[in-house]
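Have a look at the structure below before the remarks.
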Amino acid sequence: FLKLDKKGKARDELYHLETSYNDMIERLNESIIKQQQFVSDASHELKTPISVITSYAELLERWGHKKPEVIDEASDAISYEAKRMKYLTEQLFILARNDGKSALNYETVDLNTIARDVVRSLAVAYNRNIIFHEHDNAVVSADKEKIHQSLYILVDNACKYSDSEIIVRIHESEEELMISIEDFGEGISKEQQSNIFERFYRIDKARSRETGGSGLGLAIGQAMIKAHGGNITVSSEPAKGSIFTIHLNKSYSNN
Ligand code: ADP
């Protein structure tokens with residue numbers, strides 16, 4: 001009986017080992033597929049500006065001398081697409097650096113100060129009414145630059161995808177300090193809410209490109225906040241608006 005019991009235990013252990021090994025391989029495969037998709041999406045995104053630049057350069061070579069009116073159109077298009085490529089490569093670089101737990105520069109920061117800065121600069125840039133509700137105690141240990149960038153992405157999106165007022169609010173629960181950004185714009189359906197944090201995902205590609213978007217903003221913001229042990233959540237209803245919330249754990253320690 002004892003012998004049988006030992007055999008049974010060994011079989012159980014083997015079985016557990018096999019399933020956890022299979023799980024690990026499956027996760028590895030998923031991450032390889034995601035990585036391949038990312039490289040393919042990134043090259044696709046860069047191909048568009050490259051082909052526009054190439055066509056206009058050829059047009060300039062062929063007609064630049066005979067038809068001077070071509071020069072203005074071509075140089076405008078080349079400069080626009082070159083800027084877009086620069087922006088895209090910078091975004092890709094930020095994403096690569098922030099994927100996973102990159103080094104964070106922790107310091108004591110007041111979320112009120114960061115939010116006030118972001119709200120002020122975007123209200124001017126978009127000439128928009130952005131209401132800001134401060135919170136009495138909003139001091140946390142975090143990477144100031146990264147919190148600033150993530151919040152900037154969210155308020156910038158609220159400006160791009162809505163056209164009435166925007167409300168930025170700092171609040172807290174027992175465990176978390178939160179910054180919410182509420183807009184009353186086009187909103188996001190339930191199915192799309194789970195996709196928007198994926199790299200390069202855009203609900204309306206043409207609209208996003210028009211507003212200078214790359215589909216990388218939310219992926220970058222989420223990676224930066226996750227590196228702090230927090231996360232960004234969304235609650236939204238189509239045609240009503242969206243609330244994006246940055247959650248930072250009060251007790252999160254960087255040690
Ligand atoms: P983009 O550069 O396209 O803005 P993001 O990663 O920041 O990329 O956002 C991904 C997509 O999520 C956007 O293209 C847009 O379709 C949607 N989105 C983001 N923020 C909002 C918002 N506040 N309201 C409605 N849609 C939004």
Side-chain angles (χ1 to χ4, degrees), residues 34 37-49 80-81 83-99 115 118-119 121-123 125-133 146-169 178-227 230-247:
K34 269 198 168 170
Q37 186 62 44
F38 175 61
V39 174
S40 138
D41 287 344
S43 359
H44 184 78
E45 289 294 325
L46 287 168
K47 249 191 207 160
T48 315
Y80 175 83
E81 295 298 338
K83 274 192 199 126
R84 190 166 164 76
M85 266 181 74
K86 183 167 178 268
Y87 172 73
L88 258 172
T89 44
E90 278 166 2
Q91 297 270 91
L92 284 169
F93 192 59
I94 295 176
L95 192 60
R97 262 192 327 207
N98 284 284
D99 223 7
V118 172
V119 165
S121 62
L122 284 167
Y126 285 94
N127 190 20
R128 293 283 296 269
N129 182 22
I130 310 177
I131 298 159
F132 174 45
H133 295 293
K146 296 207 161 109
I147 302 293
H148 188 283
Q149 284 184 33
S150 317
L151 182 61
Y152 191 97
I153 289 167
L154 298 179
V155 183
D156 188 48
N157 277 350
C159 292
K160 289 192 302 189
Y161 303 109
S162 76
D163 41 31
S164 61
E165 70 179 24
I166 292 160
I167 304 168
V168 175
R169 198 163 64 92
M178 290 163 276
I179 316 176
S180 293
I181 302 92
E182 180 170 16
D183 69 62
F184 304 91
E186 57 198 59
I188 306 157
S189 71
K190 267 268 168 302
E191 309 82 72
Q192 282 158 339
Q193 282 172 33
S194 48
N195 295 325
I196 52 173
F197 293 95
E198 297 287 326
R199 302 141 160 189
F200 292 116
Y201 185 87
R202 284 162 287 185
I203 296 171
D204 179 346
K205 276 211 168 186
R207 167 95 195 267
S208 157
R209 197 166 197 277
E210 241 171 59
T211 53
S214 61
L216 291 175
L218 287 177
I220 291 173
Q222 186 67 288
M224 286 177 173
I225 299 300
K226 280 202 167 160
N231 71 333
I232 300 178
T233 56
V234 60
S235 113
S236 180
E237 224 182 294
K240 290 221 166 127
S242 314
I243 306 177
F244 282 85
T245 304
I246 296 177
H247 300 256

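For clarity, every value in this text was computed on a predicted model and none was experimentally measured. Atoms within each ligand, like the ligands themselves, are counted from 1 in listed order. Side chains included, hydrogens not; waters and symmetry mates left out as well; all remaining heavy atoms used.
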In the structure I gave you, are the side-chain heavy atoms of Thr233 and Ile243 within less than 4.5 Å of one another anywhere? no
What's the verdict on side chain to side chain contact (heavy atoms under 4.5 Å, CB included) for Phe244 and Ile188, showing C-alpha distance, side-chain angles and the deciding distance? CA-CA 11 Å; Phe244 282 85; Ile188 306 157; 3.8 Å; yes
Does any N or O atom in [X] lie less than 3.5 angstrom from one in ligand 1, N or O only?
X: Asp204; answer: no
X: Gly215; answer: yes
X: Ile153; answer: no
X: Gly217; answer: yes
X: Asn157; answer: yes
X: Ser214; answer: yes
X: Lys160; answer: yes
X: Ile188; answer: no

Contact between ligand 1 and Gln192 is defined here as a heavy atom of the residue under 4.0 Å from a ligand atom; is it met? no
Any heavy atom of Phe244 closer to ligand 1 than 4.0 angstrom? yes
Leu218 and Ile153: which non-hydrogen atoms are nearest, and at how many Å? N-CG2, 4.1 Å
What atoms of ligand 1 come closer than 4.0 angstrom to any heavy atom of [X]?
X: Ser242; value: 24 (N)
X: Arg202; value: 3 (O), 14 (O)
X: Ile203; value: 14 (O), 16 (O), 17 (C)
X: Tyr201; value: 10 (C), 11 (C)

Glu198 and Lys34: side chain to side chain contact (heavy atoms under 4.5 Å, CB included), yes or no, with the steps? CA-CA 10 Å; Glu198 297 287 326; Lys34 269 198 168 170; 4.2 Å; yes
Other residues, nucleotides, ligands: >12 heavy atoms within 6.0 Å of Asn129 CG: yes
Which distance, rounded to the nearest 0.5 Å, do you find between the OH of Tyr161 and the CG of Asp204? 8.5 Å
Please answer whether the main-chain N or O of Gly241 pairs with a side-chain N or O of Ser236 as donor and acceptor at a distance below 3.5 Å. yes
Quick check: does any side chain N or O of Arg128 sit under 3.5 Å from a backbone N or O of Ile166, one acting as donor and the other as acceptor? no
Quickly, which of Asp183, Ile181, Leu154, Asn157 forms a side-chain contact (heavy atoms from CB on, under 4.5 Å) with Ser242? Name it, please. Asp183
Short version for Leu154: what comes under 4.0 Å of ligand 1, heavy atoms counted, is neither
Under 3.5 Å, is there a donor-acceptor pair between the Asn195 and Glu191 side chains? no
